[in-house]
Novice: 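So that we are looking at the same thing, I have put the structure below in structure tokens.
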Amino acid sequence: MNTSLSKYYLLVISVKKCIIFITALFLFISVPARVFAQEEAKENVKAKSSILMCMDTGDIIKEENAYEHLSPASVTKVMSILLYMEAIDSGKIKLDDMVTASENAVSKGGSQIWLEVGEQMSVNDLLKAIIIASANDACTALSEYVAGSDTEFVAMMNDKVKQLGLSNSHFENCTGLDDKITNHYSCAYDIAVIAKEVMKHELVSKYSTVWLDSLRDGKTELNNTNKLINKYNGITGLKTGTTSNAGFCLCATASRDGMNLVSVVLGASTSDDRFKLSTELLDFGFANYKLIKIEIDESQITAVKVKNGVTKTVIPSSKGINTILIEKNASDFEYEYNIKKEVKAPVKKGDELGEILVKSGDKEIARVALISDQDIKTINFGYIFYELIKNI
């Protein structure tokens, strides 16, 4: 009996030791794995929204929640800058014009150059302050000068949104300050499109690529808020933004080997995250894509009949597109022309009449839309009568 009990206790002790060993082994294996996964998650930088777009073609290379309505903070100024450039191009304002700071402009908080009421500063210096240092007082002063008032300038911003065909942006101020507004938003896609338009103006790069500058005879130092300016190969701009509501935002533009990219990051958790994610996006684009010139055989683009149209045929147009974005490993291109035989009137300018497929082997790598370059009305009795009278 005692012998049996001894064997039993020995068995229990052995089982306990075994359980303890297995538990210890499990902890030894599982704890490092959990830490490693956490370290991996830290490396996997996230933001609420992001996009990578080729500015040469408008192609979206990568995106995540790119159409989500978010506060863009001072990245709002990308739209303001576009309107300043257009005002300069049209002759409405000049770089050496002197702008007087209003009480409204001086009252703006956040990033600023500490304008005083009645102080005068040139358009050139205000642009420096806005694009390099994101100064809200300078932005308001220049906006008032362009439009007559802050309110009128905001109306111009929202009109421009419509002109660009964008549907996920609405602005309430020119600065992006979002502590007192309720309906001010944009999205990564819209900002990328606006930036694409901004970078068509070469003057912007005069300011957006500057790391350090100054105003007031060196008394006011300007330090570019875009930390990629002196770190990223090919960087050309463009605008940072930060508020407690918006998080950390960045619209970054860069150019290499004749290809121009824009990345937009909205709602990053930290300043480092926005720069890191922007760098990753731009690196991905430059590493994996290239631009090529397409060779369209005009003899393959045949006339399309227009049924019941005042004009009987229309020649499809490629909209002047001669460059496309493709993956770097694509080669041996072939072109497939698919053109409609006939369409019914009315035909509107921009209506699609066919397409050109660009292929590498069996893989389709790009499409070029062929469109109508004119409006064609439907023939009717009134038109016939007018033609008869005209030819009498």
Side-chain angles (χ1 to χ4, degrees), residues 51-64 66-67 164-167 188-190 192-193 195-197 199-200 253-263 281-379:
I51 194 169
L52 176 65
M53 177 185 288
C54 176
M55 292 193 288
D56 305 285
T57 64
D59 289 316
I60 298 171
I61 299 172
K62 291 184 80 171
E63 65 93 2
E64 185 172 353
Y67 303 93
L164 294 174
L166 305 176
S167 56
Y189 172 80
D190 286 12
V193 172
K196 178 174 174 284
E197 294 300 311
M199 296 311 291
K200 290 178 181 178
T253 57
S255 177
R256 290 184 195 170
D257 301 322
M259 184 168 73
N260 301 283
L261 301 180
V262 55
S263 69
L281 288 168
L282 292 170
D283 281 349
F284 178 84
F286 288 125
N288 293 285
Y289 290 85
K290 64 181 179 180
L291 293 173
I292 64 162
K293 289 187 176 181
I294 58 174
E295 300 174 0
I296 296 176
D297 183 354
E298 297 294 339
S299 67
Q300 296 288 329
I301 301 179
T302 53
V304 177
K305 292 181 181 178
V306 183
K307 187 176 182 180
N308 299 326
V310 296
T311 301
K312 299 303 178 186
T313 61
V314 59
I315 302 293
S317 166
S318 62
K319 298 185 292 185
I321 295 173
N322 56 13
T323 303
I324 58 173
L325 183 74
I326 64 167
E327 293 181 5
K328 275 192 173 179
N329 58 7
S331 59
D332 300 325
F333 309 117
E334 295 180 355
Y335 300 89
E336 182 180 304
Y337 297 80
N338 298 320
I339 300 171
K340 296 178 181 179
K341 299 293 184 184
E342 183 180 74
V343 293
K344 288 181 67 175
V347 175
K348 293 182 179 179
K349 186 176 181 178
D351 282 356
E352 193 164 316
L353 303 174
E355 63 184 5
I356 302 171
L357 302 183
V358 184
K359 293 184 174 182
S360 177
D362 293 331
K363 185 180 180 181
E364 179 188 315
I365 58 172
R367 289 178 180 235
V368 178
L370 296 173
I371 63 169
S372 172
D373 60 0
Q374 60 183 299
D375 293 325
I376 301 176
K377 295 180 180 179
T378 305
I379 196 167

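If you're wondering where the values come from, they're calculated on a predicted model, not measured in any experiment.
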Novice: Would you indicate whether the side-chain heavy atoms of Asp351 and Val343 approach each other to under 4.5 Å?
Specialist: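 A side-chain contact is absent here, since even the closest heavy-atom pair is not under 4.5 Å.
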Novice: Which donor-acceptor pairs under 3.5 Å do side chains of residues 330-340 form with protein atoms, sequence neighbours excluded?
Specialist:
from   : atom 1 : to     : atom 2 : distance (Å)
Tyr335 : OH     : Glu295 : N      : 3.2
Glu336 : OE1    : Lys359 : NZ     : 3.0
Glu336 : OE2    : Asn338 : ND2    : 3.3
Tyr337 : OH     : Asp297 : N      : 2.8
Lys340 : NZ     : Glu352 : O      : 3.3

Novice: In the structure I gave you, are the side-chain heavy atoms of Leu261 and Ile61 within less than 4.5 Å of one another anywhere?
Specialist: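 Counting from C-beta outward, Leu261 and Ile61 do come under 4.5 Å.
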Novice: Could I get the full list of side-chain hydrogen bond (donor to acceptor under 3.5 Å, both in side chains) partners for Asn260, not counting sequence neighbours?
Specialist: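 Testing Asn260 for side-chain hydrogen bond (donor to acceptor under 3.5 Å, both in side chains), a comparison that skips the adjacent residues, returns Asp56, Ser255.
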Novice: If you measure from CG on Leu166 to CG on Asp190, what distance do you get to the nearest 0.5 Å?
Specialist: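 Taking CG in Leu166 and CG in Asp190, the distance rounds to 4.0 Å.
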Novice: Show me, pair by pair, the donor-acceptor contacts under 3.5 angstrom made by side chains of residues 281-294, not counting sequence neighbours?
Specialist:
from   : atom 1 : to     : atom 2 : distance (Å)
Asp283 : OD1    : Tyr232 : OH     : 2.7
Asn288 : ND2    : Phe284 : O      : 2.9

Novice: Which value, rounded to the nearest 0.5 Å, describes the distance between Ile51 atom CD1 and Lys62 atom NZ?
Specialist: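 That separation rounds to 12.0 Å.
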Novice: Which residues satisfy the side-chain contact (heavy atoms from CB on, under 4.5 Å) test with Lys363, sequence neighbours excluded?
Specialist: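 Once residues adjacent in sequence are excluded, the partners of Lys363 under the side-chain contact (heavy atoms from CB on, under 4.5 Å) criterion are Glu327, Ile365.
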Novice: What are the two closest non-hydrogen atoms of Leu164 and Glu197, and how far apart are they?
Specialist: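 Looking at all heavy atoms of both residues, the shortest contact is CD2-CG, 3.8 Å.
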Novice: How far apart are the closest heavy atoms of Cys54 and Met259, and which atoms are they?
Specialist: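 For Cys54 versus Met259, the nearest heavy atoms are SG-CG, 4.4 Å.
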Novice: Quick check for you: to the nearest 0.5 Å, what is the distance between Glu342 atom CD and Lys307 atom NZ?
Specialist: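 It comes to 6.0 Å.
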Novice: Of all the heavy-atom pairs spanning Ala345 and Thr378, show the shortest one and how long it is.
Specialist: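 Answer, listing the atom of Ala345 first, then Thr378: C-OG1, 3.3 Å.
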Novice: Can you sort out the partners of Lys344 under side-chain hydrogen bond (donor to acceptor under 3.5 Å, both in side chains), two or more places apart, ordered by chain and number?
Specialist: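 For Lys344, no residue satisfies side-chain hydrogen bond (donor to acceptor under 3.5 Å, both in side chains) once neighbours in sequence are set aside.
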Novice: Applying side-chain contact (heavy atoms from CB on, under 4.5 Å), name anything that partners Ser318, two or more places apart in sequence or on another chain.
Specialist: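 With sequence neighbours excluded, Ser318 shows a side-chain contact (heavy atoms from CB on, under 4.5 Å) to Ile296, Val368, Leu370, given in chain and number order.
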Novice: For a 4.5 angstrom cut-off between non-hydrogen side-chain atoms, does Met55 reach Thr253?
Specialist: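 They are in side-chain contact.
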Novice: Looking only at non-hydrogen atoms, find the nearest pair between Ile301 and Pro316 and report the distance.
Specialist: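 Minimum heavy-atom separation between Ile301 and Pro316: CG2-O, 3.6 Å.
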Novice: Output the distance between atom OG1 (Thr311) and atom CD1 (Ile379), rounded to the nearest 0.5 Å.
Specialist: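 Answer rounded to 0.5 Å: 9.5 Å.
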